[in-house]
Amino acid sequence: MFGKFGKGRDRTKKLEMLANAPIGAGTSVNGRRGVIKGTLLLSEDGDRWIEHLVEHQDGERLWVAVENFDRTRATLWSDVEVWDVKGGPDDKSITYNGQSFRRNESGTVSYTSKGEVDLFASGTIDYVDFNGPDNMRIGFERFGEEGAGRRRRATSGLCPNCHAPLHADAANKCSSCGSDLMADHGHWGSWEVALGVDVTDSAGLQ
């Protein structure tokens, strides 16, 4: 459990309930209903926060983070193509969609995961955050250990273990070698980029 956020406005209790919600719980974010499919518990220097992988009714999956540092807030994160951002994680400022974002913080967090998050059970993530207008953020992140990157389940092509033509058995394992059909997604050490939009006032449970 993430724990209590402390006293505050009504939305603090609302976000506390969202942070502590189990996998399978229904959510409402910006008026869109969804279901929590997986959860990350992240920690850095004693600070902890939650990120839920939410699947919306149309099948789109987005991350919703709930933090309680200088203020309680919820952020909806969606992927951004690296080439759409002018600048990178080493710069003091970057530009996205014609808007300027200034470097805010960076570091390395530890995580534990559960559910359908396409990650190992635990690991580390390097991050760099930039703040922009209207409480928007651009976040760069990469996985800090080789082999601990984001993973996906292979559904076609060759088995990622024995490289035989892919045929899954009833347990969703390779029918040739019996291995779990998980493959690395992306490249270790490469940055992934996401746009964060403040949904503090519109995120909660159904």
Q: Show your reasoning for whether side-chain contact (heavy atoms from CB on, under 4.5 Å) applies to Thr200 and Arg71.
A: CA-CA 10 Å; Thr200 300; Arg71 67 183 181 92; 4.1 Å; yes
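- Checked by atom type and distance alone, the side chain of Asp58 pairs as donor or acceptor with a backbone atom of Glu60 at under 3.5 Å.
- At least one side-chain heavy atom of Asp126 sits less than 4.5 Å from a side-chain heavy atom of Trp191.
- At least one donor-acceptor pair closer than 3.5 Å links the side chain of Ser113 to the backbone N or O of Phe120.
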Q | side-chain contact (heavy atoms from CB on, under 4.5 Å) evaluation trace for Asp47 with Glu67 | A | CA-CA 9 Å; Asp47 292 326; Glu67 304 165 320; over 6 Å; no
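- Panel note: side chain Glu51, backbone Val64; no donor-acceptor pair is recorded below 3.5 Å.
- What you find for Ala25 and Leu205 is that their closest heavy atoms are CB-CD2, 4.4 Å.
- The shortest non-hydrogen separation linking Gln99 to Pro133 is NE2-CG, 3.7 Å.
- Of the inter-residue distances, the one linking Thr72 atom OG1 with Lys14 atom NZ reads 13.0 Å to the nearest 0.5 angstrom.
- Counting only heavy atoms from C-beta outward, the side chains of Arg103 and Asp91 never approach each other to under 4.5 Å.
- With His56 contributing its side chain and Val29 its backbone, the two residues share no donor-acceptor pair below 3.5 Å.
- If you take CZ on Arg137 and CG on Asp129, they are separated by 5.5 Å, rounding to the nearest 0.5 Å.
- The shortest side-chain heavy-atom distance between Ile23 and Lys114 falls under the 4.5 Å cut-off.
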Q | Worked check of side-chain contact (heavy atoms from CB on, under 4.5 Å) between Arg32 and Leu62 | A | CA-CA 11 Å; Arg32 298 177 67 191; Leu62 298 173; 4.2 Å; yes
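- To the nearest 0.5 Å, the span separating OG on Ser93 from CG on Asn131 amounts to 12.5 Å.
- Tested against Ile50, the residues Asn20, Leu42, Leu41 include a single side chain to side chain contact (heavy atoms under 4.5 Å, CB included) partner, Leu41.
- The shortest distance between side-chain heavy atoms of Met136 and Tyr96 does not fall below 4.5 Å.
- Looking at heavy atoms from C-beta onward, Val109 lies in side-chain contact with Trp49 at the 4.5 angstrom threshold.
- Considering all non-hydrogen atoms of both residues, Ser110 and Thr124 come closest at OG-CG2, 4.2 Å.
- For the atom pair Leu15 CG and Asn68 CG, the distance stands at 9.0 Å (nearest 0.5 Å).
- Here the closest heavy-atom approach between residue Cys174 and residue Asp169 is recorded as O-OD2, 4.3 Å.
- Atom CG of residue Asp79 and atom CD of residue Glu192 lie 7.0 Å apart, to the nearest 0.5 angstrom.
- Under the 4.5 Å side-chain criterion, counting only non-hydrogen atoms from C-beta, Val85 is in contact with Val80.
- In this structure, Glu116 and Glu55 have side chains that are not in contact, with every pair of non-hydrogen atoms separated by 4.5 Å or more.
- Looking at heavy atoms from C-beta onward, Thr75 lies out of side-chain contact with Asp198 at the 4.5 angstrom threshold.
- Closest non-hydrogen pair, Ile36 versus Ala21, comes out as CD1-CB, 3.7 Å.
- Distance check: Thr12 OG1 to Met17 CE gives 13.0 Å after rounding to the nearest 0.5 Å.
- Taken together through direct or relayed side-chain contacts under 4.5 Å among Ile, Leu, Val, Met, Phe, Trp and Tyr, Trp77 and Val35 form parts of separate hydrophobic clusters.
- Looking only at distances, no side-chain donor or acceptor of Thr95 sits under 3.5 Å from a matching main-chain atom of Ser100.
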Q) What's the verdict on side-chain hydrogen bond (donor to acceptor under 3.5 Å, both in side chains) for Tyr127 and Glu44, showing C-alpha distance, side-chain angles and the deciding distance? A) CA-CA 11 Å; Tyr127 73 92; Glu44 181 186 22; 2.7 Å; yes
